[in-house]
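I have placed the structure first, in the form of structure tokens, so that the comments after it can refer back to it.
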Amino acid sequence: MATLASPAVSEAFAADQLPDFSTDSYKDAYSRINAIVIEGEQEAHDNYISIGSLLPDQAEELAKLARMELKHMKGFTACANNLGVTADMPFAKEFFAPLHGNFQKALAEGKVTTCLLIQAILIEAFAISAYHIYIPVADPFARKITEGVVKDEYTHLNYGQEWLKANLDTCREELEQANRDNLPLVRKMLEQVAGDAAVLHMDQEDLMADFLTSYQEALMEVGLTSREIAKMAAAALVG
Ligand code: PL3
Ligand code: FE2
Ligand code: FE2
């Protein structure tokens, strides 16, 4: 039987401790994770503006969402400055390239459903899970900023949910195909950040679990059944 003194238990406590934010290894991992977040916020801004070009009557509302993303980007830039870290932007651009390419292709084809699934569901659920797991192990400055950001991200997720829900009859098939094409990419992205995230004391399984929770809840709101959602989630295993 496990007792309080058993190694498994004390390791579990150690994982909850705050990291030493001043070490070279922390700063090195942070230079990539922070760059991913900055690039993600910048691309989110651009993506909402682009979606506005496909939905002209929504352009004003989408421009508001886009503005929030720029504010997030500035906040996370300040987090790096505060720690004396320079974000590795070329790394982050490459990290987003496959998803970015799929978004641009869908945009060129006028596929609103695909664009919204990529940005407002998959990327926002990814961001929400990452920020949730980061907040308890962040330095105090970054924690405050991230807490403010995560509230906004729910507004963005909600926007995507509502549009897809209102258009479900006509977008179901495109939604399933877009999910098949993009959920495997998000799974790979979660795997790629795992090593650096661990240095920040963020646990990979917690990240995955939180992502899947936001993703499932979003699809439930859209109006899909549990079975349909399970089938969509299975795309991450097959892809
Ligand atoms: C859209 O609003 C935001 C898109 C951002 C994508 C974020 C990916 C997160 C990767 C892991 C980050 C941990 C949090 C660290 C913050 C400096
Ligand atoms: Fe954001
Ligand atoms: Fe967002």
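A quick note: this is a predicted structure, and the numbers were derived from the prediction, not measured. Both counts, for ligands and for their atoms, begin at 1 and track the order of listing.
Taking a cutoff of 4.0 Å between a charged side-chain nitrogen and a carboxylate oxygen, Arg187 and Glu191 qualify as a salt bridge. Ion pair Lys64/Glu60 not flagged as a salt bridge, since none of the NZ, NE, NH1 or NH2 atoms sits closer than 4.0 Å to an Asp/Glu carboxylate oxygen.
In summary, the side chains of Tyr159 and Glu124 do not present any donor paired with an acceptor at a separation below 3.5 Å, with no hydrogens or angles considered.
Not one N, O or S atom of Asp152 sits under 2.8 Å from the Fe ion (ligand 3). For the Fe ion (ligand 3), the N/O/S atoms of Glu41 include none lying under 2.8 Å. With 2.8 Å as the limit, Glu69 counts as an N, O or S neighbour of the Fe ion (ligand 2). The Fe ion (ligand 3) lies under 2.8 Å from an N, O or S atom belonging to His156.
Of all the atoms in ligand 1, the ones that sit under 4.0 Å from a non-hydrogen atom of Glu69 are 1 (C), 2 (O). The ligand atoms of ligand 1 that sit less than 4.0 angstrom from a heavy atom of Glu124 are 1 (C), 2 (O). Against a heavy-atom cut-off of under 4.0 Å, Ile33 is close to the following atoms of ligand 1: 12 (C), 13 (C), 15 (C). Atoms of ligand 1 found under 4.0 Å from any heavy atom of Ala44, numbered from 1 in the order shown, are 1 (C). Within ligand 1, counting atoms from 1 as listed, the ones closer than 4.0 Å to a heavy atom of Tyr30 are 17 (C). Which parts of ligand 1 touch Glu41 is read off a 4.0 Å heavy-atom cut-off, strictly below it: atoms 1 (C), 2 (O), 3 (C). Counting atoms of ligand 1 from 1 in the listed order, those under 4.0 Å from a heavy atom of Gly40 are 4 (C), 5 (C).
The N, O or S atom of His72 with the smallest distance to the Fe ion (ligand 2) is ND1. Checked against the Fe ion (ligand 2), the N, O or S atom of Glu153 at the shortest distance is OE2.
The main-chain N or O of Met232 is found under 3.5 Å from a side-chain atom of Asn179 such that the two form a donor-acceptor pair. Asp139 places a side-chain N or O within 3.5 Å of a backbone atom of Ala142 that can act as its donor or acceptor partner. When atom types are taken as modelled, the side chain of Arg143 and the backbone of Ala138 share a donor-acceptor pair closer than 3.5 angstrom. Between the side chain of Asp28 and the backbone N or O of Asp24 there is no donor-acceptor pair closer than 3.5 Å. Side chain of Asn34 to backbone of Tyr30: no donor-acceptor contact under 3.5 angstrom is found. Listed for the Glu69 side chain is no donor-acceptor partner under 3.5 Å among the backbone atoms of Glu43.
Ring orientation note: the planes of Tyr154 and His132 are tilted relative to one another, at an angle of 30° to 60°. Ring geometry for Phe126 versus Phe211: interplanar angle over 60°, hence perpendicular rather than tilted (30 to 60°).
At a 4.0 Å cut-off, not a single heavy atom of Glu43 sits close enough to ligand 1 to count as contact.
Between Gln119 and ligand 1, no N or O atom pair is found at a separation short of 3.5 Å.
Closest heavy-atom approach to atom 4 (C) of ligand 1 within the set Thr146, Ile123, Val137: this belongs to Ile123. The residue among Tyr134, Tyr131, Phe126 with a heavy atom at the shortest distance from atom 5 (C) of ligand 1 is Tyr131.
Of the protein's non-hydrogen atoms, Ala130 CB, 3.6 Å is the one closest to atom 9 (C) of ligand 1.
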